[in-house]
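Everything below concerns the one structure shown next.
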Amino acid sequence: MLGTGGTIASTPGEAGAAPSLGADSLLDAVPELDEYADLRVEQVAQTPSFDAGVETVAAVAAAVGDVSADGVVVTHGTDTMEESAYYLDLTLPADVPVVFTGAQRRPDEPSADGPANLLTAVRTATHDRLRDAGGVYVAMDEELHAARDVTKTHTRKLDAFASPDAGPVAAVTREDVRFDREPGSRSRQFDVDPSAPDATVAMVESGLGVGADGIEFGLDRGVDGVVLEGTGLGNATAALGDAVADAIAGGVPVVVTSRCLAGPTVPVYGTPGGGQTLRDHGAIFAGDLPAHKARLKLLVALEATSDLAELRECFASD
Ligand code: ASP
């Protein structure tokens, strides 16, 4: 069990809540854990996940590599949990299951959900089917989700995570773990050091009347790539469409996602800024990856190649 902070380890304070509890102290609230695992605990970070960086995930990756365990549970803030899990899924051949969990309510709050989520994470991480399949997951509110598919969909509810297109991998009941689909990683793996990526990727969202500034500022600052969060099937305003053409002509790759919660991007429209026009300019379509995950994939892919055709290939499959 690797502790990284988050609400599950937070206490209230005059200046506001902050992570302060060691991961080992979280075990006291869940004596049932002993029935499932012989846990060894390591604190690898103590941060709110909204301020975590790739160095936190790199520390988790290093610890996963060092421990000889049948499974790993990572306690983590919920804000970027899906990003850390996905980043690990892209960069670490996880032969043993790695299950992230956290909480929406601190341990001192009524109905704190950390203890139940920790139990769900340990029960799934030690399940035979996960031990056989490996891979990286998120376990929250009695559900297990694949790192590739899961996203935080609610700011405060305990039921805050969903896999909008794929659905959960399993539901966890009081009695058993019920699998809805095959466990295992669905992410393409990149042979890069998780602590290495140092590219800068701008994220720009399209919407009613949005101009080209977001991409132009990025190009002026010398970004290495752009993720354009389009509307609907992956469309943008004409101004952004023209800026996409300029970016790609200047050697800066552009990846198009959708701001819709579910569904893939599909290039259809031929107006300036329409998806087919963006593709004709050379933009890469990210399928159902949301913008924040497409950014991570582009960061990792740029470590491996800056060739546009190769980058396109990286996004053509999971
Ligand atoms: N709300 C967050 C959490 O659940 C804070 C964070 O991301 O660390 O932990």
Side-chain angles (χ1 to χ4, degrees), residues 1-30 33 41-61 63-64 72-89 98-122 124-125 136-164 168 172 194 203 261 290-293 295-296 299:
M1 174 173 159
L2 307 174
T4 70
T7 296
I8 193 170
S10 287
T11 45
E14 251 171 47
S20 67
L21 300 170
D24 50 355
S25 72
L26 307 182
L27 303 181
D28 300 341
V30 207
L33 292 172
V41 184
E42 195 182 324
Q43 193 77 37
V44 295
Q46 188 65 293
T47 181
S49 75
F50 49 78
D51 192 32
V54 294
E55 68 286 347
T56 306
V57 198
V60 171
V64 170
V72 178
V73 167
V74 184
T75 53
H76 195 285
T78 55
D79 285 11
T80 62
M81 182 184 289
E82 72 215 53
E83 287 184 63
S84 291
Y86 182 55
Y87 188 80
L88 210 60
D89 207 29
V98 179
V99 181
F100 282 71
T101 195
Q104 289 282 76
R105 295 188 187 151
R106 294 187 311 269
D108 62 293
E109 295 185 282
S111 303
D113 52 332
N117 289 339
L118 193 51
L119 184 58
T120 298
V122 170
T124 49
V136 187
Y137 306 85
V138 164
M140 291 286 290
D141 199 35
E142 300 185 335
E143 281 183 348
L144 183 73
H145 296 268
R148 161 75 177 65
D149 303 316
V150 66
T151 197
K152 186 174 181 180
T153 59
H154 205 281
T155 53
R156 61 171 180 77
K157 284 185 182 175
L158 304 191
D159 177 16
F161 283 82
S163 299
V172 181
M203 292 177 71
L261 178 64
H292 50 285
K293 285 185 175 169
R295 170 181 163 267
L296 293 174
L299 281 179

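Just so you know, ligand 1 is whichever comes first in the structure, and atom 1 is the first atom listed for that ligand. Just so it is clear, the structure is predicted and the values come from calculations on it, not from any experiment.
- Below 3.5 Å of separation, one finds no N or O of Thr47 facing any N or O of ligand 1.
- Side-chain contact between Gln43 and Thr75: absent, with no pair of heavy atoms (C-beta onward) separated by less than 4.5 Å.
- Contact check for Leu158 versus Arg105: side-chain heavy atoms found under the 4.5 Å cut-off.
- Scanning all heavy atoms of the two residues, the minimum distance from Asn117 to Gly102 falls at ND2-O, 2.9 Å.
- Contact check for Thr101 versus Thr120: no side-chain heavy atoms found under the 4.5 Å cut-off.
- Heavy-atom proximity to Gly6, at under 4.0 Å, picks out these atoms of ligand 1: 8 (O), 9 (O).
- Residue contacts with ligand 1, taken as heavy atom pairs separated by less than 4.0 Å, involve Ala103 solely via the backbone atoms N, CA, C and O.
- Around atom 4 (O) of ligand 1, the closest heavy atom drawn from Thr80, Thr75, Ile8, Thr78 belongs to Thr78.
- At least one N or O atom of Ser49 sits closer than 3.5 Å to an N or O atom of ligand 1.
- Distances below 4.0 Å separate heavy atoms of Gly77 from the following atoms of ligand 1: 3 (C), 6 (C), 7 (O), 8 (O), 9 (O).
- With hydrogens left out, the protein atom closest to atom 3 (C) of ligand 1 is Thr7 OG1, 2.7 Å, a heavy atom.
- Salt bridge present: Arg106 and Asp108 bring a charged side-chain N and a carboxylate O closer than 4.0 Å.
- Those atoms of ligand 1 with a heavy atom of Pro48 less than 4.0 angstrom away are 8 (O).
- The single protein non-hydrogen atom nearest to atom 1 (N) of ligand 1 is Asp79 OD1, 3.1 Å, given as residue, atom name and distance.
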Please evaluate residues His292 and Thr151 with respect to the criterion side chain to side chain contact (heavy atoms under 4.5 Å, CB included), reporting the C-alpha separation (whole Å), side-chain torsions for both, the decisive distance (0.1 Å), and the verdict. CA-CA 10 Å; His292 50 285; Thr151 197; 3.8 Å; yes

Working note: Val54 + Tyr87, criterion side chain to side chain contact (heavy atoms under 4.5 Å, CB included); need CA distance, chi angles, decisive distance, verdict. CA-CA 8 Å; Val54 294; Tyr87 188 80; 3.7 Å; yes

